[in-house]
Amino acid sequence: MERRTLGRGLEVSAEGLGCMGMSEFYGESDDTESLATIHEALERGVNFLDTADMYGPFTNERLVGRAIKGRRDEVVLATKFGNQRGDDGSFLGINGKPEYVRAACDASLKRLDVDVIDLYYQHRVDRSVPIEETWGALKLLVEAGKVRHLGISEASSATIERANAVHPVTALQSEYSLWSREPEDGVLATCRRLGVGFVAYSPLGRGFLTNEAATRLGGEGDFRSHHPRFSGDAFERNLALVKNLEAIAAFKNVTVAQLSLAWVLSRGDDVVPIPGTKRRRWLHENIAALDVDLSSSDVAALEAAVPREAVVGDRYQPAGMGNLNG
């Protein structure tokens, strides 16, 4: 498995595994298959596992903790805080207060059943708390040996700069795919100037950039059924873009998912996609994307097939959009 380096020395597999959907947001859960998927990922060299306290809520960290028990040295473990939820699943808002940072980290360590977190992200920026205060608390976690590296998610260039002045930012995690190109508007350049790695979540457009776009979506508990890009006329217009990709994928004898992941992988050695899946079938397909070679003309063809301006619908519902670019 190819390795890539995030920030100042965090080496990870070139492709990670997003674990969120194993516990929430994408329909029914199957812990047995999810555990098998994580174990298979480790066997195949995918060592970069991504979770967060809010997934479940809280149950996803426990699941990942069970999966890596006895195999901690094989794993680069990333989790997040900041999207505060209640035990009943209620969303309580964004919290970046120093006292909450400390409490959230201790709770995550307990659920994951580990002594240290390799990469600890601020999941969303709390605009009511100066970023220097939040990152001052995070820096203390590093000094205490509870966390090895720090990251931030969906932050603006200015916020990344300010956080990095307090403690080096190892990685920015933001959505990035053929149909979500916003990081190219300055944030990716900021990361490169500061030596910050880029972790791309939803590199398959939440399952839309696949051959099964029309059939893998929906069902009870699937948040995409209320998602602007998956609803009504937007769904049909976006599906036409996937059809454009299908022709290119067929010519190269790969799947649309593999083609879409290969595009993200081609963005640079400092970019690491973390496609999420809860099934071994899709894990195998995703890993095979590492063997897809794209020429400059291939990249141009893909970007012409899915023009930024042609994608219909916001990435999140209005409330979620308000928490981006903090």
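Along the sequence shown, the residues carry numbers beginning at 1. In this text, all values refer to a predicted model and were calculated from it rather than measured experimentally.
For Glu143, the side chain to side chain donor-acceptor pair (under 3.5 Å) criterion is met by no residue, not counting sequence neighbours. When the salt bridge (Lys or Arg N to Asp or Glu O under 4.0 Å) test is applied to Asp31, the partners found at least two apart in sequence or on another chain are Arg66. With sequence neighbours left out, Arg181 forms a side chain to side chain donor-acceptor pair (under 3.5 Å) with Glu184. With sequence neighbours excluded, the residues satisfying side chain to side chain donor-acceptor pair (under 3.5 Å) with Ser108 are Glu61. Lys69 pairs by the side chain to side chain donor-acceptor pair (under 3.5 Å) definition with Asp113, not counting sequence neighbours. Contacts of Phe48 classified as ring pair (Phe, Tyr, Trp, His ring centres under 6.0 Å), with partners at least two apart in sequence or in another chain: none. Residues passing the ring pair (Phe, Tyr, Trp, His ring centres under 6.0 Å) test with Tyr120, sequence neighbours excluded: Phe81. Looking at residues two or more places apart in sequence or on another chain, you find a salt bridge (Lys or Arg N to Asp or Glu O under 4.0 Å) between Asp118 and Arg72, Arg148.
Legend: salt bridge (charged side-chain N to carboxylate O under 4.0 Å, His left out) pairs involving residues 85-104, not counting sequence neighbours, sorted by first then second residue: Glu24-Arg85. Among residue pairs with one or both ends in residues 41-58, those qualifying as salt bridge (charged side-chain N to carboxylate O under 4.0 Å, His left out) are Glu43-Arg71, Asp50-Lys80; sequence neighbours excluded. Legend: side-chain hydrogen bond (donor to acceptor under 3.5 Å, both in side chains) pairs involving residues 5-17, not counting sequence neighbours, sorted by first then second residue: Ser13-Asn47. Residue pairs meeting the salt bridge (charged side-chain N to carboxylate O under 4.0 Å, His left out) criterion with at least one member in residues 125-137, sequence neighbours excluded: Glu132-Arg162.
Residues Thr210 and Thr255 have side chains not in contact (no heavy-atom distance under 4.5 Å, counting atoms from C-beta outward). Looking only at side-chain heavy atoms (C-beta outward), Leu63 and Cys19 stay at 4.5 Å or farther from each other. For the pair Arg206 and Glu175, the minimum side-chain heavy-atom distance is below 4.5 Å. Proximity of Leu194 to Val169: side-chain heavy atoms (C-beta onward) are nowhere separated by under 4.5 Å.
Relative orientation of the Phe25 and Tyr55 rings is perpendicular, given thresholds of 30° and 60° on the angle between their planes. The aromatic rings of His167 and Trp135 lie tilted to each other, with the angle between the two planes from 30° to 60°.
Under a hydrophobic clustering in which Ile, Leu, Val, Met, Phe, Trp and Tyr are joined whenever their side-chain heavy atoms come within less than 4.5 Å, directly or via other members, Tyr316 and Met20 fall into different clusters. Under the 4.5 Å side-chain contact rule for hydrophobic residues, Val166 and Leu140 do not share a cluster. Taking hydrophobic clusters as Ile, Leu, Val, Met, Phe, Trp and Tyr residues chained together by side-chain heavy-atom distances below 4.5 Å, Phe230 shares a cluster with Leu241. The cluster map of Ile, Leu, Val, Met, Phe, Trp and Tyr, joined by side-chain heavy atoms under 4.5 Å apart, puts Leu283 and Val12 in different clusters. Both Leu178 and Leu259 are members of a single hydrophobic cluster when ILVMFWY side chains are connected at heavy-atom separations under 4.5 Å.
Here the CD1-CG distance, from Ile68 to Asp73, works out to 10.0 Å after rounding to the nearest 0.5 Å. With rounding to the nearest 0.5 Å, the separation of CD in Glu154 from CD in Glu182 is 8.0 Å. To the nearest 0.5 Å, the span separating OG on Ser266 from CG on Leu294 amounts to 5.5 Å. Rounding to the nearest 0.5 Å places CG of Leu17 at 7.5 Å from OG1 of Thr277. With rounding to the nearest 0.5 angstrom, the OG atom of Ser180 is 8.0 Å from the OH atom of Tyr201. The CG atom of Asn95 sits 10.0 Å away from atom CD of Gln122, with the distance rounded to the nearest 0.5 Å.
Ion pairing between Lys278 and Asp30 fails under the 4.0 Å rule for side-chain N and carboxylate O.
Side-chain N or O atoms of Arg229 include none that pairs as donor or acceptor with a backbone N or O of Phe208 at under 3.5 Å. Looking only at distances, no side-chain donor or acceptor of Arg124 sits under 3.5 Å from a matching main-chain atom of Asn83. A side-chain donor-acceptor contact under 3.5 Å links Ser153 to the backbone of Gln173. In this structure a side-chain-to-backbone donor-acceptor pair under 3.5 Å is missing from Arg237 to Ala310. Looking at Asn164, its side chain never comes within 3.5 Å of a backbone N or O of Ile160 through a donor-acceptor pair.
Smallest separation of non-hydrogen atoms from Thr159 and Gly326: OG1-O, 2.8 Å. Heavy atoms only, all atoms of each residue included: Tyr121 and Ala78 are closest at CE1-CB, 3.8 Å. Between Ala301 and Ile248, the shortest heavy-atom distance links the atoms O-CD1, 3.9 Å.
Put simply, the residue from Arg279, Arg280, Arg281 that forms a side chain to side chain donor-acceptor pair (under 3.5 Å) with Glu33 is Arg280.
A donor atom on one side chain and an acceptor atom on the other are not found under 3.5 Å apart for Arg111 and Thr51.
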